[in-house]
> 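Sharing a structure below in structure tokens format, with a few things to ask.
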There are 2 protein chains.
Amino acid sequence: MARAGLSPDAIVDLALQIIDEEGPAGVTLSAVAGRAGVATPSLYKHVRNLAEVNTLVSIRVMDELADRARELVLGLSGAEALHAFMNVWREYVRSNPGRYAAMIQAAQPELAEAGGRLVDILLALLRGYGLEGADAIHAARCVRSAVHGFAVLEAAGGFGLPVDLDDSYEQLKRMIISGLPKTDRPHV
Amino acid sequence: MARAGLSPDAIVDLALQIIDEEGPAGVTLSAVAGRAGVATPSLYKHVRNLAEVNTLVSIRVMDELADRARELVLGLSGAEALHAFMNVWREYVRSNPGRYAAMIQAAQPELAEAGGRLVDILLALLRGYGLEGADAIHAARCVRSAVHGFAVLEAAGGFGLPVDLDDSYEQLKRMIISGLPKTDRPHV
DNA sequence: CGACCAAGGCTAATGAGGTTAGCTTTACAG
DNA sequence: CTGTAAAGCTAACCTCATTAGCCTTGGTCG
């Protein structure tokens, strides 16, 4: 049998393909093995089990989101940076609903590190905005909650009424950003 | 065989028991049938399949949350009512993390009606606050996003840092409520 | 060159879980 | 007392995940 050139990374690639085409529920070891042109048990030479595949996928997705956020926010500061940050997040979820859905239902501990990168970017933005320490943590939690909640509800089709979603999101961003605590140091 | 007195409702009761004790992943037809003292296939006399059980559970949970919200918000108005509404929601998720987790991963269409009740309560609050029409919809979406996002992240252990969560939630509520658009009609 | 050996594949088998088909029993109405 | 529909049951099948144990490949080193 010709070697299939598998690796944990390659398996995650295939899993993401499946997620994009069929949704998170389509990710079974048989499906992944099928795409790899390999018998199902062969996958166990590269990953511990299905749970690990899901965890690796989650980490990959989180990293992908963090990368986009870092790129697009680079060079911005203050309210502009926060707007951009929140926009990137929503855009990512809209463009990749399956991936985001797959991400938010995997193990905690392994995700902590990947999630930490995203929080770090946010904390950096808030620092540029004049927030440090506990204030920054509270603010970051508010931003994350709002963005995550909106993104999840939108992706799930939870907003049924025929009123423009972009407008709603604009308002949410304004609420959060203008509601940040006033600091002595005016933001850059 | 003595009749077991099953019904879709009774099945949902058992499923909720399992969710509370073992989490949403424990809800299998075998597990439900076991608690009912019945063979697995017997359940099919009352529900179409596992997916329907999950949908019914979601509807029940949504209704439960809506009931609590309506009760606790009754007689309040303005900012006070919105605070109470947001508090009830978070409290429910904290007290019933498994149920909420089970709810947010079921079919959309069947949930629409149950979810609508919750939105109606919120829209009523916002009307008392002076918001109508599209403004009210936008505001309701912001409130839902913030509350849902915070609740989900908290339940998933997504807030790792040792900073008080109650304080964060207070700030989030204030951000949202004080960020509501000003209306000509001052709220009651 | 050729033997070794580990990595990477494979088949077979087990067990959980969902689902269907078809038979049997219960409970109640007439 | 009997007929019938609802509510059980067993048997069987399918898909998946997972484990065990075997075979092959391909590179490394004598």
Side-chain angles (χ1 to χ4, degrees), chain A residues 1-60 98 101-103 105-110, chain B residues 1-60 98 101-103 105-110:
Chain A
M1 308 291 143
R3 298 283 164 107
L6 280 182
S7 68
D9 255 19
I11 289 176
V12 171
D13 288 340
L14 294 171
L16 287 174
Q17 257 183 38
I18 296 171
I19 288 171
D20 290 340
E21 293 172 23
E22 312 168 29
V27 179
T28 68
L29 289 181
S30 334
V32 172
R35 292 193 183 227
V38 139
T40 306
S42 303
L43 297 179
Y44 287 83
K45 297 288 178 172
H46 305 279
V47 292
R48 200 189 336 270
N49 50 31
L50 177 61
E52 189 182 24
V53 174
N54 289 328
T55 299
L56 292 176
V57 166
S58 297
I59 292 174
R60 174 82 73 85
M103 186 196 74
Q105 58 198 41
Q108 277 81 53
E110 294 87 347
Chain B
M1 309 292 142
R3 297 285 166 108
L6 279 183
S7 69
D9 255 19
I11 288 176
V12 171
D13 288 340
L14 295 172
L16 287 174
Q17 258 183 39
I18 295 172
I19 288 171
D20 290 341
E21 292 172 22
E22 312 169 29
V27 179
T28 68
L29 290 181
S30 334
V32 172
R35 293 196 183 225
V38 139
T40 305
S42 303
L43 298 178
Y44 286 82
K45 297 288 176 175
H46 304 279
V47 290
R48 198 189 340 270
N49 50 31
L50 177 61
E52 190 181 26
V53 174
N54 289 327
T55 298
L56 292 176
V57 166
S58 297
I59 292 173
R60 174 82 74 84
M103 185 196 75
Q105 59 198 42
Q108 277 81 55
E110 294 87 347

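Lettering follows sequence order; numbering is per chain, from 1.
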> When the distance from CD1 of A/Ile11 to P of D/dA17 is rounded to whole Å, what number comes out?
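Going from CD1 in A/Ile11 over to P in D/dA17 covers 13 Å.
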> CG of B/Leu50 versus P of C/dG18: gap in Å, rounded?
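The distance from CG of B/Leu50 to P of C/dG18 comes to 5 Å, rounded to the nearest Å.
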> So do B/Val32 and B/Ile11 actually touch side chain to side chain, heavy atoms under 4.5 Å?
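Yes, close enough: below the 4.5 Å cut-off.
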> Rounded to whole angstrom units, what separation is found between the CD atom of B/Glu52 and the C1' atom of C/dT19?
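In whole Å, C/dT19 C1' lies 14 Å from B/Glu52 CD.
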> For the atom pair CG (A/Leu50) and OG1 (A/Thr28), what is the distance rounded to the nearest 0.5 Å?
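The distance works out to 8.0 Å.
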> Any side-chain N or O of B/Thr28 under 4.0 Å from OP1/OP2 of C/dA16?
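Looking at the OP1 and OP2 atoms of C/dA16, neither is under 4.0 Å from any side-chain N or O of B/Thr28.
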> Could you give the distance from CG (B/Asn54) to CE (B/Met103), rounded to the nearest 0.5 Å?
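B/Asn54 atom CG to B/Met103 atom CE measures 13.0 Å (nearest 0.5 Å).
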> Which distance, rounded to the nearest 0.5 Å, do you find between the OG of B/Ser58 and the CD of B/Glu110?
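That separation rounds to 9.5 Å.
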> Quick check on contacts: within residues 33-47 of chain A, what sits under 4.0 Å from DNA chain D by heavy-atom distance?
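Heavy-atom contacts with DNA chain D come from A/Thr40, A/Pro41, A/Tyr44.
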> Could you please name the option among D/dG8, D/dA17, C/dT19 that lies closest to any side-chain atom of A/Ser30?
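Closest nucleotide to the A/Ser30 side chain: D/dA17.
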> Rounded to whole angstrom units, what separation is found between the CZ atom of B/Arg48 and the P atom of C/dG18?
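Those two atoms, CZ and P, are 17 Å apart.
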> Mind listing the N/O atom pairs, protein and nucleotides 5-7 of chain C, below 3.5 Å?
residue: C/dA7; atom: N3; partner: A/Arg3; partner atom: NH2; Å: 3.3

> Show me the donor-acceptor pairs, under 3.5 Å and distance only, between side chains in residues 39-48 of chain B and residues at least two apart or in other chains.
residue: B/Ser42; atom: OG; partner: B/Ala39; partner atom: O; Å: 3.2

> Nearest whole angstrom, please: distance from the C1' of C/dA16 to the CG of A/Leu29.
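After rounding, the reported distance stands at 15 Å.
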> Under a 4.5 Å cut-off applied to non-hydrogen side-chain atoms, are B/Glu22 and B/Val27 in contact?
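Result no, sub-4.5 Å side-chain heavy-atom pair not found.
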> When the distance from CG of B/Asn49 to C1' of C/dG17 is rounded to whole Å, what number comes out?
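That distance rounds to 13 Å.
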> Do B/Val53 and B/Val12 have side-chain heavy atoms sitting under 4.5 Å apart?
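No, too far: nothing below the 4.5 Å cut-off.
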> For B/Thr55 and B/Ile59: C-alpha separation, side-chain torsions, deciding distance, then whether side chain to side chain contact (heavy atoms under 4.5 Å, CB included) applies.
CA-CA 6 Å; B/Thr55 298; B/Ile59 292 173; 4.1 Å; yes
> A side-chain contact here means heavy atoms from C-beta on lying under 4.5 Å apart; do A/Asp20 and A/Gln17 qualify?
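They are not in contact (no side-chain heavy atoms under 4.5 Å apart), so the answer is no.
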